[in-house]
Amino acid sequence: QVNPHFLYNTLQAIGSEALMNDEMGIYEMLTRLAANMRYSIHGGNEVSLEREVEFTDNYIELQKLRMGERLQVTQHINLDLAKTIVPKCSLQNVVENSIKYGIAGDISCLHLEIAAYKEKATLKIQVSVNGAGMSKDTLREIRERIHSGLTQLSGKSSGIGLANLYSRLQI
C-alpha cells in the first residue's frame, strides 16, 4: 500500500524536474498518469459514461505517447448516453486488454474502435481492434474463470481484469 499523497507529491516533483529540463513529453505522461491514478483511487464504484470516457481517453493518450502513430482510435459514442451510470474503470479495462492483446504479433498500426449506444433499454459498449487478439486458450480460461466465479486460475495473471470486470457488472 502506497500513501496516495506521497505518490502524487513524488509525481509532481518529477514533473517539475521534467519541466525545468524542457522534457514536455515526460511531463505530459506524468500528469496523465497522476490524473488516472486519482480517478481510479478516489470516489465511488460508479461514474457517468461521460466521466468514464474522459478517463479512458486520458489512458489512450498515455498509450499514444508510448506507441506513437501505431495506435489509432475512433469513437462513436451517443452523447445522449453521457449521464448513464457505468462501473468505474470498466471501459478503460476493456480498452487496455484490447491494446495488450491487439498489439501482440506483427502489426504496424493498431486501430481501436469504441462505440456506445442504446439498444432497447440496454447500454451497449463495444470495443473492437484489428490486432491479433487473445488466443483461444486465453479466452477459454477467462470464460472458465467467469463461469466459476474465480479471478485467478493456476497462478496466472492473464485475464484477471476481465474476470473482475464481469463480476463487477454482475453486482
Side-chain angles (χ1 to χ4, degrees), residues 7 11 14-15 18 23-43 45-79 81-82 84 86-117 123-146 150-169:
L7 185 60
L11 289 173
I14 295 168
E23 295 285 349
M24 296 309 293
I26 293 172
Y27 178 75
E28 184 177 352
M29 290 177 88
L30 282 168
T31 55
R32 289 186 182 281
L33 176 62
N36 272 21
M37 293 184 80
R38 277 188 197 95
Y39 175 84
S40 62
I41 291 172
H42 297 296
N45 294 323
E46 296 177 335
V47 294
S48 68
L49 177 61
E50 177 179 45
R51 185 75 178 105
E52 182 67 8
V53 168
E54 289 171 5
F55 168 68
T56 302
D57 285 345
N58 196 40
Y59 171 80
I60 289 169
E61 289 304 316
L62 264 171
Q63 290 297 331
K64 284 183 175 182
L65 287 168
R66 184 176 68 89
M67 297 173 63
E69 294 299 314
R70 292 182 58 215
L71 178 60
Q72 301 294 316
V73 180
T74 306
Q75 292 185 6
H76 307 283
I77 298 175
N78 184 333
L79 297 178
L81 302 172
T84 304
V86 299
K88 185 189 227 179
C89 301
S90 56
L91 179 58
Q92 184 272 339
N93 184 294
V94 175
V95 167
E96 181 178 351
N97 273 277
S98 297
I99 292 171
K100 175 183 174 182
Y101 290 104
I103 203 68
D106 187 24
I107 187 163
S108 60
C109 182
L110 187 68
H111 185 81
L112 189 70
E113 188 170 338
I114 303 169
Y117 54 94
L123 171 66
K124 300 265 185 162
I125 299 176
Q126 181 177 344
V127 179
S128 306
V129 66
N130 68 330
M134 285 183 183
S135 71
K136 289 182 181 184
D137 288 342
T138 300
L139 186 56
R140 179 187 43 73
E141 184 179 345
I142 291 169
R143 285 182 174 150
E144 286 173 3
R145 286 183 198 161
I146 287 170
L150 298 175
T151 57
Q152 189 167 0
L153 286 178
S154 63
K156 296 180 183 176
S157 63
S158 184
I160 290 174
L162 293 178
N164 283 339
L165 174 58
Y166 178 80
S167 296
R168 289 185 9 235
L169 289 171

### Query
Got a salt bridge between Lys100 and Glu96, using NZ or NE/NH1/NH2 to carboxylate O under 4.0 Å?
no
### Query
Among Ile60, Asp57, Val94, which residue meets the side-chain contact (heavy atoms from CB on, under 4.5 Å) test with Ile114?
Ile60
### Task
Evaluate whether atom NZ of Lys124 has more than 12 neighbouring non-hydrogen atoms of other residues, nucleotides or ligands under 6.0 angstrom away.
no
### Contact summary for Asn78 and Tyr117, nearest pair of heavy atoms
CB-CA, 4.5 Å
### Query
Does the Asn58 side chain pair with the main chain of Glu54, one donor and one acceptor, at a distance under 3.5 Å?
no
#### Entry: Heavy-atom check, side chain of Leu91 versus side chain of Val86, under 4.5 Å
no
## Note on the structure
Nearest heavy-atom contact between Leu62 and Met29 is CD2-O, 3.4 Å
### Task
Give a yes or no on whether the backbone of Cys89 and the side-chain of Glu52 come within a donor-acceptor separation of less than 3.5 Å.
yes
### Query
Stepwise, does the side-chain contact (heavy atoms from CB on, under 4.5 Å) test hold for Leu71 with Arg66?
CA-CA 9 Å; Leu71 178 60; Arg66 184 176 68 89; over 6 Å; no
### Worked verdict on Leu33 versus Met37 for side-chain contact (heavy atoms from CB on, under 4.5 Å)
CA-CA 6 Å; Leu33 176 62; Met37 293 184 80; 4.0 Å; yes
### Query
Can you tell me how far the CG atom of Leu81 sits from the CD atom of Glu50, to the nearest 0.5 Å?
11.5 Å
### Query
When rounded to the nearest 0.5 angstrom, what distance separates CG in Leu112 from CD in Gln75?
8.5 Å
### Query
Out of curiosity, Met67 CE to Ile99 CD1, how far, rounded to the nearest 0.5 Å?
6.0 Å
### Message
Would the distance check show the side chain of Asn130 and the main-chain N or O of Glu113 forming a donor-acceptor pair, the cut-off being under 3.5 Å?
### Response
no
#### Entry: Backbone N/O of Tyr39 and side chain of Lys88: donor-acceptor pair under 3.5 Å
yes
#### Entry: Heavy-atom closest pair, residues Glu28 and Thr31
O-OG1, 3.0 Å
### Query
Can you tell if the side chain of Leu110 reaches within under 4.5 Å of the side chain of Val129, non-hydrogen atoms only?
yes
### Verdict with reasoning, Val95 to Gln63, per side-chain contact (heavy atoms from CB on, under 4.5 Å)
CA-CA 11 Å; Val95 167; Gln63 290 297 331; over 6 Å; no
### Task
State, with a plain yes or no, whether a side-chain heavy atom of Ile77 is found less than 4.5 Å away from one of Leu49.
yes
### Query
Between Leu30 and Gly15, which heavy-atom pair has the shortest distance, and what is it?
CD1-N, 3.5 Å
